[in-house]
Number of protein chains: 2
Amino acid sequence: MKIITYNVNGLRSALGKGLLDWVAEAQPDVLCLQEIKAGREPLDVSGFEALGYHAYLHPAQKPGYSGVATFSKLLPKNVVVGCGRECYDTEGRVLRLDFEDFSVLNTYMPSGTSGDERQAFKVEWLHFFRQYVRELQAMLPGLLIGGDFNCCQQDIDLHNPKANQNSPGFTPEERRWFADFLADGYVDAFRHHPGAVPGHYSWWTFRAGARARNVGWRLDHWLVNAGLQPRISSAGHLPDVVHSDHCPVFVELI
Amino acid sequence: MKIITYNVNGLRSALGKGLLDWVAEAQPDVLCLQEIKAGREPLDVSGFEALGYHAYLHPAQKPGYSGVATFSKLLPKNVVVGCGRECYDTEGRVLRLDFEDFSVLNTYMPSGTSGDERQAFKVEWLHFFRQYVRELQAMLPGLLIGGDFNCCQQDIDLHNPKANQNSPGFTPEERRWFADFLADGYVDAFRHHPGAVPGHYSWWTFRAGARARNVGWRLDHWLVNAGLQPRISSAGHLPDVVHSDHCPVFVELI
DNA sequence: CCTCATATG
DNA sequence: CATAAGAGG
């Protein structure tokens, strides 16, 4: 069972760059996309359906902004769109699919790079999300949380930790949040396997050839609740897949 | 003496498509551009200066909108930016260069295609402009008015006159205005020479391959005051020059 | 350095 | 069907 998260930086743009050809080849069982940037018209998901996927969308209210989508080969037994808090749900940030013995929570966490106000909004979200997941976890047999977290925890998670001590995504507050979140009973699938390998990132700025020089950040994650940990057979990045400034990040379950 | 008017639909875009190479080859003595669409930063005119032109700009206040520019090999003895009426001058629509024995008035007339309000604004402009030119004409030895008039007069001036009886640019009101303007003592240089030849247009919509099928309108003109008429040696369009949805329109004076 | 929406043509 | 600004990243 292969489950992939991918911030596509505009689904229409990614489709134009051959996203569906890659999906057909990669054959994920569940595919979680972020930043679909749906417009006023509903997105065309017929290409995914033709590949055998059920499609679930949670666009933002604002056209061209944010939004998540999950595509699944298996029919989920339940789908939950949004988290029930309006200030987040208008931005299309969470979408949950419940299967028989686990759930996949697709999430696009706010970015703080556009200023203090959005960084504050992001930190509020992080605390909300942690509490929200604590409540979910009590109700669900197993939980995989995948998406663009817009933050990371350790020096090894970004190319230049020294220069980014106070950058949004790597502030002490966010790093502590990440550790606390894991302490609630989650493993970071990539650090579980392959482990503490440096130079594995999931996002690179478009500027200055950062991706070619692998000057990146590991912002996209699979956090898997401890009970499911024995079922993780592999996890990794697909940095050669290029439809976006992010790359796909996968986890495989037995 | 070759004088050219050209709606470039964004000067930066046109420069990117090789406008300067064409200027270097065409060697106009005076070049009137419309829809320069200047941004917040001043436009870079060094390429024109390197070709020996004096540069005069009248951008709109709103970034990326409207605006005219005139480039001249001869140093004008006087330059007048705008027409003195604020509602037009904020939109960068007129720029006059006075030479020894004639003046070149570069003008970008409003478009009415975006709705009734702008069509009404355009008609007000047309009446203002006619009166404005009457006053100028009394003060100037000779006058060439060139630019994107966003209107035309006769059935021969557009590919589909029947279907456009009430389209902005060919309303009865605008056609009458054009006839009245000429009656004030101007010749339409293109109708003076080559004359009543059909299928010569200066603008084609970007849609549906209109230019390839020559489904166009003659919206760009040189109107020359009657006293200068004997000096017109030729006039014409350059439809093979493609940096814009318009083509350059020239007049040559002896 | 990208994508997207919007204004304007 | 284009250009360009602007928001957001």
Side-chain angles (χ1 to χ4, degrees), chain A residues 7-17 19 34-41 43 59-67 91-92 108-115 117-119 121-122 148 150 167-169 203-213 215 217 219 242-246, chain B residues 7-17 19 33-41 43 59-67 91-92 108-115 117-119 121-122 148 150-151 167-169 203-212 215 217 219-220 242-246:
Chain A
N7 178 320
V8 289
N9 189 29
L11 181 50
R12 283 164 295 168
S13 166
L15 287 169
K17 293 171 183 164
L19 181 71
Q34 302 87 37
E35 278 205 273
I36 59 174
K37 296 188 177 182
R40 211 170 288 285
E41 312 299 320
L43 281 166
Q61 251 170 32
K62 170 148 82 161
Y65 178 69
S66 186
E91 298 192 358
Y108 173 47
M109 307 214 178
S111 166
T113 55
S114 58
E117 202 168 331
R118 289 301 289 181
Q119 178 66 13
F121 179 85
K122 175 187 190 174
D148 177 359
N150 262 317
S167 299
W203 173 81
W204 305 261
T205 176
F206 279 120
R207 277 165 273 200
R211 191 160 183 169
R213 295 181 293 124
V215 177
W217 294 53
L219 298 179
V242 184
H243 312 97
S244 166
D245 49 347
H246 293 249
Chain B
N7 178 321
V8 289
N9 189 28
L11 180 52
R12 282 163 296 169
S13 166
L15 287 169
K17 294 171 182 164
L19 181 71
L33 304 183
Q34 302 87 37
E35 279 205 272
I36 59 172
K37 296 187 177 182
R40 211 170 288 285
E41 312 300 321
L43 282 166
Q61 250 171 34
K62 172 148 83 158
Y65 178 69
S66 185
E91 297 192 357
Y108 172 48
M109 307 215 178
S111 165
T113 55
S114 60
E117 203 168 331
R118 288 301 288 180
Q119 179 65 14
F121 180 84
K122 176 186 188 174
D148 177 359
N150 263 316
C151 61
S167 299
W203 174 81
W204 305 261
T205 175
F206 279 121
R207 277 167 270 201
R211 191 161 183 168
V215 176
W217 294 52
L219 298 178
D220 302 86
V242 184
H243 312 97
S244 165
D245 50 346
H246 293 247

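What's counted below: heavy atoms across the whole structure, side chains too, no hydrogens, waters or symmetry copies.
Ranking D:dG6, C:dC1, D:dC1 by closeness to the A:Phe206 side chain, first place goes to C:dC1.
In this structure, B:Asp148 places its CG atom 11 Å from P of C:dG9, rounding to the nearest Å. In this structure, the NE2 atom of B:His246 is 13 Å from the P atom of D:dT3, given to the nearest Å. Atom CD in B:Glu35 sits about 17 Å away from atom P in C:dA7, given to the nearest Å. Computed from coordinates, the B:Leu15 CG to D:dA4 C1' distance equals 14 Å when rounded to whole Å. Atom NZ in A:Lys37 sits roughly 9 Å away from atom P in D:dG9 (whole-Å rounding). In this structure, A:Arg40 atom CZ and C:dA7 atom P are separated by 9 Å, rounded to whole Å. Distance B:Trp203 CH2 to C:dT8 P: 18 Å, rounded to the nearest Å. Atom-to-atom, CG of B:Asn7 to C1' of C:dT8 comes out at 12 Å; the value is rounded to the nearest Å.
The two residues A:His246 and A:Arg211 make their nearest non-hydrogen contact at O-NH1, 3.7 Å. When all heavy atoms are compared, the tightest approach of B:Pro168 to B:Gly112 is CG-O, 3.6 Å. Across all non-hydrogen atoms, the minimal contact from A:Tyr108 to A:Ser66 is CD2-OG, 3.2 Å.
In terms of phosphate contacts, B:Ser114 brings no side-chain nitrogen or oxygen within less than 4.0 Å of OP1 or OP2 of C:dT8. For the pair B:Ser13 and D:dT3, the criterion of a side-chain N or O lying under 4.0 Å from OP1 or OP2 is met. Considering only side-chain N and O atoms, A:Tyr65 lies under 4.0 angstrom from the phosphate OP1 or OP2 of D:dG9. In terms of phosphate contacts, B:Lys62 brings no side-chain nitrogen or oxygen within less than 4.0 Å of OP1 or OP2 of D:dA4.
Contact annotation for B:Asp245: no contact, since no heavy-atom pair falls under 4.0 Å across all strands.
Judged as a side chain to side chain contact (heavy atoms under 4.5 Å, CB included), and not counting sequence neighbours, the contacts of B:Arg207 are B:Thr205. Among residues two or more places apart in sequence or in another chain, the side chain to side chain contact (heavy atoms under 4.5 Å, CB included) test is passed with A:Arg12 by A:Leu43.
With the nearest nucleotide of DNA chain C identified for both A:Arg207 and A:Gly64, A:Arg207 has the one nearer the 5' end.
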